[in-house]
Amino acid sequence: ILDGPEPTTLAPLVSQALSALINMMSTDQSTQVRDTVAWTLSRIVDLMLDNIDPSMHFQSLIAALVQSLEASPRIINSCCSALGSLVSQYNPAFDDETQTSPLSQYYSDILKALMTVSERPTNDGNARGAAYQTISTFVGCSTVDTLPVVQEVFITLLARQEALMGMQTQLVGIDDRNNWNDMQINICAVLQSAINRSPSMVKPFADRIMTNLLQLISASGKTSGVIEDAFATVGASANALEADFNKYLEAFAPFLFTALGSYEDWQVGQAAVYVVSDIARAVGESLSPYAERIMVALIDILRSPVIHRSVKPNAIAAMGEVALAIGPNFVPFLQTIMEILSQAGSMSAQANDVTLIEFVWAMREAIVDAFIGIMNGLKSNPQPFQGYVGGIMHFLAGCYADEERTDQFTTSALGLIGDFGDTYKSAVRDELMQEWVQQAIAYGRQRGASRSAKKNAAYAAKVSYRRTKGLMSVRRA
């Protein structure tokens with residue numbers, strides 16, 4: 001009852017009423033009527049897009065929605081919702097190969113109208129915020145033929161951010177500051193979408209992006225929302241620039257280490273942990289000069305009784321990313337990190353504490369990911385890690401025996417087992433022959449398992465078969 005009628009029941013009604021609804025958006029003089037119609041159209045686009053014929057309705061529908069972006073904040077919110085649903089369903093996000101879509105011809109007009117709304121000096125009724133969110137969706141879902149339009153939006157917002165930075169000394173009172181923060185957060189969200197959508201498009205603007213972000217982080221003080229989005233944009237930039245991000249490390253590092261120590265403002269700490277992983281993947285071994293301070297900061301996060309516990313699994317995963325990035329340079333940290341991970345892995349939860357159970361498994365999944373990062377980081381010289389294999393396999397066996405084990409844990413564990421067998425070969429034969437390993441492989445191969453689980457199970461089975469086959473040959477001889 002709460003879900004309402006089935007789409008198939010509503011389809012004839014929608015088809016019959018759609019043209020009339022679109023016409024009312026443009027012609028009805030009542031604001032209340034147009035408000036209701038805008039909401040109705042947003043629900044139709046969201047839930048029943050298949051009933052909208054692009055050749056018949058797109059032009060009039062989009063024209064009505066764009067025209068109504070000049071109306072009241074409530075109507076603007078509904079129009080933004082409809083436009084966002086339209087583009088997100090028609091255009092696959094971040095698909096570099098999609099050349100065009102039925103929406104391409106309307107991109108310029110839609111984004112121009114949305115950018116006009118985003119220029120409003122205040123965010124009455126969240127109209128400006130809705131416009132920015134919809135711009136971000138259009139940028140993220142843009143097809144190849146619309147990238148020139150997206151680039152124009154990107155450059156405009158980059159300039160807008162620079163102008164805002166010049167206005168910060170003119171802010172008077174908390175309302176001005178909150179409004180300034182809100183605009184900076186929204187701009188960062190759109191910049192992230194553009195960077196993720198087309199790294200090559202934004203690379204020429206890298207210096208401007210990072211200059212703005214460093215100034216923004218410096219000016220934001222303790223405003224966590226601004227710092228979070230600025231750090232997320234730094235992370236997106238690192239992913240786009242890869243090794244070229246190295247030239248910004250020295251300037252960014254002081255802000256990173258300060259944020260990693262933000263225990264009470266844990267969202268900032270979380271953002272810093274995420275960006276550690278992003279930068280590690282981007283710059284690789286160039287992270288080595290900063291590795292010691294990063295590892296100390298991550299260890300302190302794990303030991304802190306103050307920081308929100310949701311940060312801790314991500315801190316563990318970041319350790320693995322750092323290990324993978326700096327390779328053999330991780331060896332000096334190996335003993336300390338393995339002791340920390342052993343302590344973290346010993347955590348358990350009462351059967352009736354659902355929240356703690358979820359946290360424990362998040363920790364265990366992160367620990368396995370960290371082991372994988374360390375293992376692959378030391379691939380060129382795996383000897384220092386070999387002495388820990390027995391203890392790790394004991395940890396994996398105990399976790400696998402837990403009925404609450406997650407699919408993600410089993411999938412990652414199978415990948416790690418495959419890495420052990422592939423790297424250490426006959427030296428880990430006994431570990432690979434354990435019964436629980438074969439049970440885990442069978443679990444990963446079962447019908448209904450995820451693609452990654454099946455892939456890792458096949459990997460583990462392959463190396464396990466090689467090792468056990470070798471042992472059987474020796475015994476027959």
Side-chain angles (χ1 to χ4, degrees), residues 94 188 192 195-196 199 209-210 213 217 224 227-246 248-250 252-263 266-302 304 307-327 329-330 333-334 337 340-341 344 359 362-379 408-409 411-412 415-416 419 452:
F94 309 140
C188 281
Q192 288 172 49
I195 294 167
N196 290 330
I209 294 170
M210 288 303 301
L213 293 174
I217 295 168
S224 61
I227 297 175
E228 287 175 60
D229 280 272
F231 268 55
T233 312
V234 170
S237 300
N239 288 328
L241 297 172
E242 297 179 328
D244 290 338
F245 187 83
N246 186 45
Y248 306 111
L249 266 178
E250 185 176 353
F252 179 65
F255 300 111
L256 175 62
F257 292 124
T258 299
L260 286 171
S262 300
Y263 299 155
W266 64 269
Q267 293 96 333
V268 173
Q270 185 84 285
V273 169
Y274 285 145
V275 86
V276 165
S277 295
D278 291 330
I279 292 174
R281 287 191 292 268
V283 304
E285 198 170 348
S286 297
L287 191 66
S288 296
Y290 307 91
E292 183 174 357
R293 287 191 66 186
I294 290 174
M295 298 310 296
V296 169
L298 294 175
I299 291 171
D300 287 344
I301 286 174
L302 294 177
S304 172
I307 198 166
H308 196 280
R309 66 187 183 189
S310 64
V311 181
K312 297 188 177 185
N314 296 309
I316 291 174
M319 291 177 174
E321 295 287 0
V322 173
L324 182 60
I326 66 176
N329 294 327
F330 187 78
F333 313 114
L334 183 58
I337 296 304
I340 293 292
L341 295 181
F359 171 69
M363 290 287 282
R364 290 173 176 175
E365 291 169 5
I367 289 169
V368 176
D369 288 341
F371 288 151
I372 292 172
I374 296 170
M375 172 77 261
N376 286 281
L378 299 178
K379 200 79 170 179
Q408 181 59 48
F409 171 84
T411 299
S412 297
L416 180 59
D419 287 341
S452 55

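Side-chain atoms of Ile340 and Leu298, non-hydrogen and from C-beta on, never get closer than 4.5 Å to each other. Side-chain contact check for Phe255 versus Ile227: every heavy-atom pair is 4.5 Å or farther apart. Side-chain contact check for Ser286 versus Phe245: every heavy-atom pair is 4.5 Å or farther apart.
Taking every heavy atom of both residues into account, Val275 and Phe231 meet most closely at CG2-O, 3.6 Å. Across every non-hydrogen atom of Leu213 and Cys188, the tightest pair is CD2-SG, 4.1 Å. Taking each heavy atom of Pro313 and Ala366 in turn, the nearest pair found is O-CB, 3.1 Å. Closest non-hydrogen pair, Ile316 versus Leu341, comes out as CG2-CD2, 3.7 Å. Shortest non-hydrogen contact noted between Gln192 and Asp229 is NE2-O, 3.4 Å. The minimum heavy-atom distance linking Gly284 with Ile326 is given by the pair O-CG2, 4.2 Å.
Rounding to the nearest 0.5 angstrom, the gap separating the CD1 atom in Ile367 from the OG atom in Ser412 is 12.0 Å. To the nearest 0.5 Å, atom OG1 of residue Thr258 and atom CD1 of residue Ile217 are 10.5 Å apart. Here the straight-line distance linking atom CD1 of Ile299 with atom CD1 of Ile294 works out to 12.0 Å at 0.5 Å rounding. Once rounded to the nearest 0.5 Å, the distance linking OH of Tyr290 with CD of Glu250 reads 5.5 Å. The distance from atom CG of Leu324 to atom OG of Ser277, rounded to the nearest 0.5 Å, is 10.5 Å. One finds the CD1 atom of Ile307 at 7.5 Å from the CD atom of Gln270 (value rounded to the nearest 0.5 Å).
A side chain to side chain contact (heavy atoms under 4.5 Å, CB included) with Met319 is found for exactly one of Leu302, Asn314, Asp369, Val273, namely Leu302.
Note that Arg309 lies in the cation-pi zone of Phe359, set by a 6.0 Å cut-off to the ring centre and a 45° limit from the axis.
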Might you work through the side chain to side chain contact (heavy atoms under 4.5 Å, CB included) test for Ile301 and Tyr263, ending with a clear yes or no?
CA-CA 8 Å; Ile301 286 174; Tyr263 299 155; 4.0 Å; yes
Would you check, one step at a time, whether the test side chain to side chain contact (heavy atoms under 4.5 Å, CB included) holds for Asp419 with Phe371?
CA-CA 10 Å; Asp419 287 341; Phe371 288 151; over 6 Å; no
Side chain to side chain contact (heavy atoms under 4.5 Å, CB included) between Leu256 and Val234: does it pass, once the steps are laid out?
CA-CA 10 Å; Leu256 175 62; Val234 170; over 6 Å; no
Any chance you could lay out the side chain to side chain contact (heavy atoms under 4.5 Å, CB included) test for Val276 and Glu321, step after step, and finish with the verdict?
CA-CA 8 Å; Val276 165; Glu321 295 287 0; over 6 Å; no
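Counting only distance, with no hydrogens or angles, the side chain of Lys312 and the backbone of Ser304 share a donor-acceptor pair below 3.5 Å.
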